[in-house]
Q: 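One structure, pasted below without further comment.
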Amino acid sequence: MTSFSIGETDFLRAGLPHQVISGAIHYFRVHPDQWQDRIRKARLMGLNTIETYVAWNAHEPRRGEWDATGWNDLGRFLDLIQAEGMDAIVRPGPYICAEWHNGGLPNWLTAGERELRSSEPTFLADISDYLRRVYEIVGPRQIDRGGSVVLVQIENEYGAYGSDKDYLEALVALTREAGITVPLTTVDQPTDQMLADGSLPTLHKTGSFGSRSAERLATLRSHQPTGPLMCSEFWDGWFDWWGGVHHTTDVATAAADLDELLAAGASVNIYMFHGGTNFGLTNGANHKGRYLPIVTSYDYDAPLDEAGNPTAKFFAFRDVIAKYAPVPDELPPAPAAAPVSSVPLTAAGAWTDAAATAPASGTPITFDELEHLSALVRYDTELPEGRGGQLVLDEVRDLAWVSVDGQPVGTLSRTRHDRSLVIPAGRTLSILVEEGGRVNYDHRLGEQKGLIGAPVLDGTPLTGWHSTPLDVAAIAARLDADGAGSVAESSPDTTAETMTGPTAWVGRFDLASAADLFLDTAAWSKGYAFVNGFFLGRYWRNGPQRTLFVPAPATRAGANSLVVLELEQLLAPTAEFVPALALGDTEE
């Protein structure tokens, strides 16, 4: 068995000085059938290690429903890393940030008023159960037991959140008791306060930054006087949010920063080597005075793009790494051309009009109180005496479509800080609320979603609310299963121009063989798309992202199905598959 330890100045692998040159791939953001391809390309860039977070809410979306199979098969992912002759770094959190919904914490864990990321006993009990399950997977795969795992991280940038040393001590004790013997690390941004608050003397401190390497390493060294220096999140790009721009970094500058790190003898984990995709409803959100939900693509301007293809950054980083470590002669194959086609879509009717079955309540019930994990809840109430007037809400989380007697009135957006709207007279007020992505950072973790508080009309509280959860994936699955019947029922003269409000659309297309596809959503407004039942994610004309990535394993030779759940209006009743990613305008 090979050993891995921390020496006075270096990591020691089998007793010899070792520079970790790692890249991040999140298994939960990549189709499992494409894991091996992404790992191999990491080796071909010259990396010797793969790092991944563990997303608790992917493994246990509901309390007690633990899943470590398929997309969640962390053990298989680590085994594939080892099969490629590489090491692995595991960062199990329990909090991961990662622009992932709720920072990786399950909704059931954060619902209600409780202390998070602390030594509060009930919180420790819950995370202990989680970490033990993770370590049952990781433990046998440690390098000193013949596996690939060389480092395990405790918490994640904790110094930016708190300073509860008892909490960190409890995590360390649990980790060691669970049989984790490899070195334990922490990561924090290189400021004195964060490095001091976020770690313990018994843990090896690392930094997270993307530039000014010499300065940041010096700060890190002042807090970690011995052992190897490591930037365990070398930010080589950035994430995007709806309504923003597509973020990129200059290739030459990023390569020079990486060169500076490696020349200093520091170890590195490139964040991200391959970003992947926030499939389904897994995107997070930031809120620093303004709610900004993250887009579906997690391309990150990484060396491998969202579709797993090498970029200019891949080759520039490869040239830098070759100065400090062996790099294979082999290069990744050129990507195959993506099939291009135009697919007609047919309206399959309204899809948010499910009958309200729950009893009425005095105020709207939140997503969390409903234990609802999907994107939408519809809130309905009868208007007193059929009156209209000024509707005022405490808060919308996160976007609402307001209608009276089925007629659209307007939208209320958390991002715009909207709270009020004048509504006409009518009988039934309906407010369809979308949870746009849970904040993944700081003290907004676990906040309630839906209509918050008690809505009022001209100062009078509205009561008698029916709160109806809508499961987006289940609705799409039903349409996919009997889409032909739904299409047959559509009016023959139905066109996108005449269909406003939430409308489902279905289409069929043929492929010669399974292939990566790029679905252009520019002619659509806002909603969700599925291919063969696979949930591609959210689209929004708000941009910057224009294409949804369709991984080849979600397609098949012959007939394929497409379901589009549009919330507003299609500008054209077609689906366009285009040759390449289109992630939006950059800041340049």
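Reckoned from all heavy atoms, side chains included, excluding hydrogens, waters and symmetry mates.
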Q: Quick check against the 3.5 Å criterion: does R62 have a side-chain atom that pairs as donor or acceptor with the backbone of E371?
A: yes
Q: Once rounded to the nearest 0.5 Å, what's the spacing between atom CG of D299 and atom CG of D305?
A: 5.5 Å
Q: To check you understand the geometry: which heavy-atom pair defines the closest contact between F535 and A529, and what is its length?
A: CD2-O, 3.7 Å
Q: Are S22 and N269 close enough that a side-chain donor and a side-chain acceptor fall under 3.5 Å?
A: yes
Q: Using the rule given for side-chain contact (heavy atoms from CB on, under 4.5 Å), can you reason through V54 versus V90, listing the C-alpha separation, both sets of side-chain angles and the distance that settles it, and then say yes or no?
A: CA-CA 7 Å; V54 180; V90 179; 3.8 Å; yes
Q: Can you list the steps and then say if E60 with W108 is a side-chain contact (heavy atoms from CB on, under 4.5 Å)?
A: CA-CA 9 Å; E60 194 178 11; W108 59 261; 3.6 Å; yes
Q: So, H18 versus F11, ring centres under 6.0 angstrom or not?
A: no
Q: Judged by atom type as modelled, is there a donor-acceptor pair below 3.5 Å linking the side chain of D236 to the main-chain atoms of I270?
A: no
Q: Got R117 and L445 here, is their nearest side-chain heavy-atom distance under 4.5 Å?
A: yes
Q: Please confirm whether the backbone N or O of I180 pairs with a side-chain atom of T175, one donor and one acceptor, at under 3.5 Å?
A: no
Q: Output the distance between atom NE2 (H246) and atom CG (L581), rounded to the nearest 0.5 Å.
A: 8.5 Å
Q: Stepwise, does the side-chain contact (heavy atoms from CB on, under 4.5 Å) test hold for R318 with L331?
A: CA-CA 10 Å; R318 187 174 183 272; L331 290 172; 3.4 Å; yes
Q: Show the nearest heavy-atom pair for residues G436 and P293, with the distance to one decimal.
A: O-CB, 3.5 Å
Q: Output yes when a side-chain donor or acceptor of R132 lies under 3.5 Å from a complementary backbone atom of A178, and no otherwise.
A: no
Q: Work out which heavy atom in H247 is nearest to a heavy atom in D301; give both atom names and the distance.
A: O-CB, 3.7 Å
Q: Would you check, one step at a time, whether the test side chain to side chain donor-acceptor pair (under 3.5 Å) holds for S118 with D164?
A: CA-CA 6 Å; S118 75; D164 185 342; 4.8 Å; no
Q: About how many Å separate NZ of K288 and CG of D442, when rounded to the nearest 0.5 Å?
A: 8.0 Å
Q: To the nearest 0.5 Å, tell me how far L78 CG sits from Q82 CD.
A: 9.0 Å
Q: I would like to know whether E51 and S232 meet side chain to side chain donor-acceptor pair (under 3.5 Å); could you show each step before the answer?
A: CA-CA 9 Å; E51 173 269 314; S232 57; over 6 Å; no
Q: Does R114 come within less than 4.0 Å of D126, counting only side-chain N to carboxylate O?
A: yes
Q: So, applying salt bridge (charged side-chain N to carboxylate O under 4.0 Å, His left out) with D398, which one of R438, R444, R290, K449 is it?
A: K449
Q: With a 4.5 Å limit on heavy-atom distance, are the side chains of F317 and L47 in contact?
A: no
Q: Would you please indicate yes or no on a ring centroid separation below 6.0 angstrom for Y271 and Y300?
A: yes
Q: Quick one: pull up CD in E84 and CD1 in I50 and give me the separation to the nearest 0.5 Å.
A: 9.0 Å
Q: Test ring-ring contact (aromatic ring centres under 6.0 Å, His included) on F314 and H274 and set out the steps.
A: CA-CA 10 Å; F314 178 98; H274 171 55; over 10 Å; no
Q: By the definition ring-ring contact (aromatic ring centres under 6.0 Å, His included), identify the one residue from F239, Y441, F28, Y53 that meets it with W100.
A: F28
Q: Is any side-chain heavy atom of I89 closer than 4.5 Å to one of Q153?
A: no
Q: Between K205 and D188, is there a side-chain N and carboxylate O pair less than 4.0 Å apart?
A: no
Q: Closest approach of S222 and T219, non-hydrogen atoms and distance?
A: OG-O, 2.6 Å
Q: Donor-acceptor pair, N156 side chain versus G93 backbone, under 3.5 Å?
A: no
Q: Quick check against the 3.5 Å criterion: does E120 have a side-chain atom that pairs as donor or acceptor with the backbone of F123?
A: yes
Q: State, with a plain yes or no, whether a side-chain heavy atom of I321 is found less than 4.5 Å away from one of M45.
A: yes
Q: Going from OG1 on T122 to CD on E115, what distance comes out if it is rounded to the nearest 0.5 angstrom?
A: 8.5 Å
Q: Does D37 pair with K41 as a salt bridge, N-O distance under 4.0 Å?
A: yes
Q: Quick check: does any side chain N or O of E369 sit under 3.5 Å from a backbone N or O of T366, one acting as donor and the other as acceptor?
A: yes
Q: Does T226 reach the main-chain N or O of E8 with its side chain, forming a donor-acceptor pair under 3.5 Å?
A: no
Q: Between Y324 and Q19, do the side chains contain an N or O donor and an N or O acceptor separated by less than 3.5 Å?
A: no
Q: Under 6.0 Å between the ring centres of F279 and W71?
A: yes
Q: Would Y539 and T296 count as a side chain to side chain donor-acceptor pair (under 3.5 Å) here? Give the steps.
A: CA-CA 7 Å; Y539 65 84; T296 300; over 6 Å; no
Q: Would R216 and S211 count as a side-chain contact (heavy atoms from CB on, under 4.5 Å) if you check the C-alpha gap in whole Å, the side-chain angles of each, and the deciding distance to 0.1 Å?
A: CA-CA 8 Å; R216 269 69 186 264; S211 61; 3.5 Å; yes
Q: Do the side chain of H59 and the main chain of D67 share a donor and acceptor less than 3.5 angstrom apart?
A: yes
Q: Of the non-hydrogen atoms in N532 and A554, which two are nearest, and what is the gap between them?
A: ND2-O, 3.0 Å
Q: Step through the shown structure and confirm whether more than 12 heavy atoms of other residues, nucleotides or ligands are within 6.0 Å of CD on E215.
A: yes
Q: If you compare all heavy atoms of N283 against all heavy atoms of I294, which two are closest, and at what distance to 0.1 Å?
A: ND2-O, 3.0 Å
Q: Taking the side chain as every heavy atom from C-beta outward, state whether T186 and Y158 have any pair of such atoms under 4.5 Å apart.
A: no
Q: Given side chains that start at C-beta, do those of L281 and S374 come closer than 4.5 Å, heavy atoms only?
A: yes
Q: Side-chain contact, heavy-atom cut-off 4.5 Å: Y95 with E155?
A: yes
Q: Between D516 and A552, is there a donor-acceptor pair closer than 3.5 Å when you use the side chain of the first and the backbone of the second?
A: yes
Q: Under 4.5 Å between any side-chain heavy atoms of Q545 and L583, yes or no?
A: yes
